[in-house]
Amino acid sequence: GKMASKKTDSVSFYEKEENLKELCNFLRGNDGPAVREAIEMDKRVYYLKGEKLVNFMVEPKKGTKWPKGLPKFKTRQEAIAVCKELCNYQFMHRSIKRG
């Protein structure tokens with residue numbers, strides 16, 4: 001079937017850069033998903049698998065304090081759409097694993 005083009009509330013909310021920034025701060029904070037450290041092009045970076053990030057956004061681990069002002073994600077599609085926004089605004093980027 002054809003995908004409805006109507007955006008969900010949470011996706012429209014996260015089209016605003018300041019809202020994305022808040023989401024980003026939460027995801028990078030202590031309550032966010034576990035990240036690992038690496039050196040990429042001489043810079044220290046934190047990384048995680050995209051799948052882990054999406055899983056966390058849709059089903060945060062037990063005891064996670066999800067910020068009140070941030071809409072939750074109902075589906076993986078919503079979470080992925082917002083991850084793409086985070087990439088567009090360069091709050092994060094994709095890296096290809098080598099080796």
Side-chain angles (χ1 to χ4, degrees):
K2 220 170 70 184
M3 286 287 297
S5 60
K6 190 189 164 303
K7 290 209 171 98
T8 56
D9 294 343
S10 55
V11 175
S12 333
F13 175 86
Y14 290 118
E15 282 181 343
K16 294 200 178 74
E17 190 172 355
E18 62 269 25
N19 295 340
L20 274 178
K21 217 171 257 176
E22 264 182 64
L23 175 67
C24 216
N25 290 340
F26 162 61
L27 291 172
R28 287 290 301 114
N30 293 335
D31 266 319
V35 292
R36 299 169 71 180
E37 271 184 36
I39 301 293
E40 184 180 75
M41 289 157 63
D42 297 334
K43 286 198 174 106
R44 181 183 303 276
V45 295
Y46 295 93
Y47 70 97
L48 77 171
K49 285 198 169 126
E51 189 188 0
K52 282 216 170 106
L53 178 59
V54 172
N55 289 345
F56 176 88
M57 289 164 77
V58 179
E59 278 186 65
K61 51 187 186 290
K62 272 202 171 23
T64 300
K65 291 187 186 73
W66 192 275
K68 280 198 176 61
L70 297 178
K72 291 193 168 145
F73 300 94
K74 291 182 193 71
T75 64
R76 294 181 70 83
Q77 282 89 340
E78 285 183 6
I80 289 166
V82 171
C83 285
K84 286 183 177 157
E85 288 290 312
L86 287 169
C87 285
N88 290 342
Y89 282 104
Q90 298 184 331
F91 286 127
M92 64 180 189
H93 68 253
R94 295 178 67 145
S95 293
I96 307 300
K97 191 173 173 182
R98 293 231 177 97

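Note that the structure is predicted; figures quoted are calculated from it, not measured.
- Using a 4.5 Å heavy-atom cutoff, the side chains of P71 and D9 are not in contact.
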Would you list the atom pairs, donor with acceptor, under 3.5 Å between side chains in residues 37-44 and any protein atom, with sequence neighbours excluded?
unit_1, atom_1, unit_2, atom_2, d
E37, OE1, R44, NH1, 2.5
E40, OE1, H93, NE2, 2.9
E40, OE2, S95, OG, 2.7

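- Both F56 and L86 belong to a common hydrophobic cluster when Ile, Leu, Val, Met, Phe, Trp and Tyr are linked at side-chain heavy-atom distances under 4.5 angstrom.
- The two residues P33 and L27 come nearest to each other via the heavy atoms CD-O, 3.5 Å.
- Taken from CZ in R36 to NZ in K49, the straight-line distance is 8.0 Å, to the nearest 0.5 Å.
- Applying the ring-ring contact (aromatic ring centres under 6.0 Å, His included) test to every pair with at least one member in residues 62-89, sequence neighbours left out, gives these pairs: Y14-F73, F26-W66.
- When hydrophobic clusters are built by joining Ile, Leu, Val, Met, Phe, Trp and Tyr residues whose side-chain heavy atoms come closer than 4.5 Å, directly or via intermediates, M57 is not grouped with I80.
- Note that CD of E59 and NZ of K72 are 11.5 Å apart. Values are rounded to the nearest 0.5 Å.
- A donor-acceptor pair under 3.5 Å is formed between the side chain of K61 and the backbone N or O of G32.
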S10 and V82: CA distance, side-chain angles, deciding distance, side-chain contact (heavy atoms from CB on, under 4.5 Å) verdict: CA-CA 9 Å; S10 55; V82 171; 5.9 Å; no
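- There is a path of hydrophobic side-chain contacts, each under 4.5 Å, that joins V11 to F13.
- Take E51 and apply the salt bridge (Lys or Arg N to Asp or Glu O under 4.0 Å) test, not counting sequence neighbours, and it matches no residue.
- Going from atom CG of L20 over to atom CG of N25 covers 11.0 Å, rounded to the nearest 0.5 Å.
- Cluster membership for V58 and L70, using ILVMFWY side-chain heavy atoms within less than 4.5 angstrom, is not shared.
- No continuous path of hydrophobic side-chain contacts links M92 to Y47 [ILVMFWY only; heavy atoms under 4.5 Å].
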